[in-house]
Amino acid sequence: MSFTTRFAPSPTGYLHRGHAFSALTAFQAAQEAGGRFVLRIEDIDATRSRPEYEAAILEDLAWLGLAWEQPVRRQSEHLADYHAAIEALRERGLVYRCFKTRKELDIGRAPHEPAVPYRGAPLPADEEAERLSRGEAFAWRLSLDAAQAALGGFADLAFVEEGAGPGGETGLVAARPETAGDIVLARKDVGVAYHLAVVLDDALQGVTHVIRGVDLFEAAHIQRLLQALLGLPTPTYHHHRLLLGPDGKRYAKRDKAQTLRELRAAGVTPCDLLAEMGL
Ligand code: GLU
């Protein structure tokens with residue numbers, strides 16, 4: 001299969017330097033390998049995604065000099081495929097309904113403490129039926145216990161890391177999906193969760209190399225398990241360093257990092273940006 005990598009932004013805001021660095025790193029890798037570069041709009045969260053952000057993303061990437069294959073895959077157009085995958089996992093007894101509210105999950109946790117990975121089990125059938133009849137909201141969670149029982153080589157799951165994780169992990173890395181607990185695959189409000197859509201789409205788009213920021217390294221552990229359960233190929237991973245601003249902090253939407261459009265309006269050229277990033 002020819003080298004294929006991707007950039008998969010969520011249209012929940014304007015792109016900033018950190019996104020530009022990630023997109024350019026992937027694009028240049030595809031060019032160096034004589035491979036493909038595909039784009040994917042990760043807009044499954046309808047409450048936060050906006051068409052105007054998507055349009056701006058395409059414009060900003062073109063401004064940076066990137067070119068990508070058509071058509072662009074838009075996740076919101078494929079929700080039925082994600083649901084079918086969850087249904088298939090459900091038929092194999094790998095997912096269960098979890099009715100716990102965020103508040104219930106947080107009981108006993110101080111605000112500064114990280115959320116404890118949740119591990120649970122299906123409710124007794126009669127209790128579940130009763131809650132469903134009351135219209136209570138639930139999430140579909142992947143059962144680690146069931147996954148472990150279903151997969152012979154659960155403990156041997158691994159992926160190849162060509163970049164590095166936050167602790168310098170590189171080369172063949174053992175996948176540790178259990179550190180995330182029973183992950184949510186679908187919620188009432190957002191019909192499908194990020195991890196499931198990503199692994200299905202990476203496979204569908206023929207992605208051989210996932211190149212993205214090291215902030216998503218932990219996701220690879222979970223995604224490796226999903227690939228095994230769904231019988232999908234495992235791409236090679238390359239988690240790159242995060243671009244830091246002059247204050248030593250990473251660029252982030254929530255910090256109102258200067259957007260590419262603001263830089264453009266201020267007269268910054270793509271050449272300036274590439275030079276600044278050392279690309
Ligand atoms: N959509 C994700 C984000 O914008 C990226 C997902 C990925 O690269 O796997 O953070």
Side-chain angles (χ1 to χ4, degrees), residues 4-30 36-51 53-58 60-61 64 66 68 72-79 82 85 159-166 173 175 177 180 183-185 187 190-227 230 232-243 250-255 257 259-260:
T4 303
T5 189
R6 43 69 156 190
F7 181 56
S10 305
T12 55
Y14 294 115
L15 300 185
H16 52 65
R17 279 185 177 84
H19 296 112
F21 180 70
S22 201
L24 284 162
T25 302
F27 180 68
Q28 288 190 350
R36 303 166 56 216
F37 176 71
V38 300
L39 192 62
R40 181 165 76 229
I41 300 295
E42 302 213 318
D43 59 349
I44 42 177
D45 186 344
T47 59
R48 293 174 60 224
S49 299
R50 301 254 182 288
Y53 289 139
E54 180 187 322
I57 286 171
L58 300 182
D60 291 347
L61 294 177
L64 279 173
L66 269 60
W68 51 89
V72 169
R73 188 171 173 87
R74 192 179 291 118
Q75 289 189 326
S76 59
E77 291 170 357
H78 302 279
L79 296 178
Y82 309 135
F159 58 90
V160 174
E161 173 62 56
E162 287 188 342
V173 176
I183 59 152
V184 170
L185 290 185
R187 299 202 313 248
V190 181
V192 60
Y194 155 74
H195 293 296
L196 186 85
V198 165
V199 297
L200 287 169
D201 285 348
D202 280 341
L204 224 134
Q205 293 188 288
V207 171
T208 59
H209 289 72
V210 169
I211 301 174
R212 61 186 178 192
V214 67
D215 52 330
L216 286 165
F217 181 75
E218 297 311 322
H221 292 255
I222 300 162
Q223 291 170 11
R224 179 65 190 88
L225 171 61
L226 285 174
Q227 288 150 6
L230 295 166
L232 301 173
T234 301
T236 296
Y237 287 88
H238 181 126
H239 292 92
H240 60 70
R241 68 184 173 89
L242 299 182
L243 196 67
R250 56 178 279 210
Y251 292 99
K253 273 176 205 167
R254 62 175 175 278
D255 297 335
T259 65
L260 297 183

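Ligands are counted one by one from 1 in listed order, and the atoms in each one are counted from 1 as well.
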Name the orientation class of the two ring planes belonging to Tyr237 and His239 (parallel below 30°, tilted from 30 to 60°, perpendicular beyond 60°).
parallel

Restricting to heavy atoms, the pick from Gln223, His239, Glu42, Arg212 nearest atom 6 (C) of ligand 1 would be Glu42

Give me the residue, atom name and distance of the protein heavy atom closest to atom 3 (C) of ligand 1.
Ser10 OG, 3.7 Å

Under 3.5 Å, is there a donor on one side chain and an acceptor on the other for Gln227 and Thr234?
yes

Just let me know how Leu216 lines up against ligand 1, side chain, backbone, both or neither, with a heavy-atom cut-off below 4.0 Å.
side chain

Report the nearest protein non-hydrogen atom to atom 7 (C) of ligand 1: residue, atom name, distance rounded to 0.1 Å.
Arg6 NH1, 3.2 Å

Starting from atom 5 (C) of ligand 1, locate the nearest protein heavy atom and write down its residue, its atom name and how far away it is, to 0.1 Å.
Ala8 O, 3.3 Å

Full working for salt bridge (Lys or Arg N to Asp or Glu O under 4.0 Å) between Asp215 and Arg250
CA-CA 10 Å; Asp215 52 330; Arg250 56 178 279 210; 3.4 Å; yes

Criterion side-chain hydrogen bond (donor to acceptor under 3.5 Å, both in side chains) on Gln223 and Tyr194, from CA distance to verdict
CA-CA 10 Å; Gln223 291 170 11; Tyr194 155 74; 3.2 Å; yes

Using non-hydrogen atoms of the residue, decide whether Tyr194 is closer than 4.0 angstrom to ligand 1.
yes

Decide yes or no for Pro9 and Leu39: does some side-chain heavy atom of the first lie under 4.5 Å from some side-chain heavy atom of the second?
yes

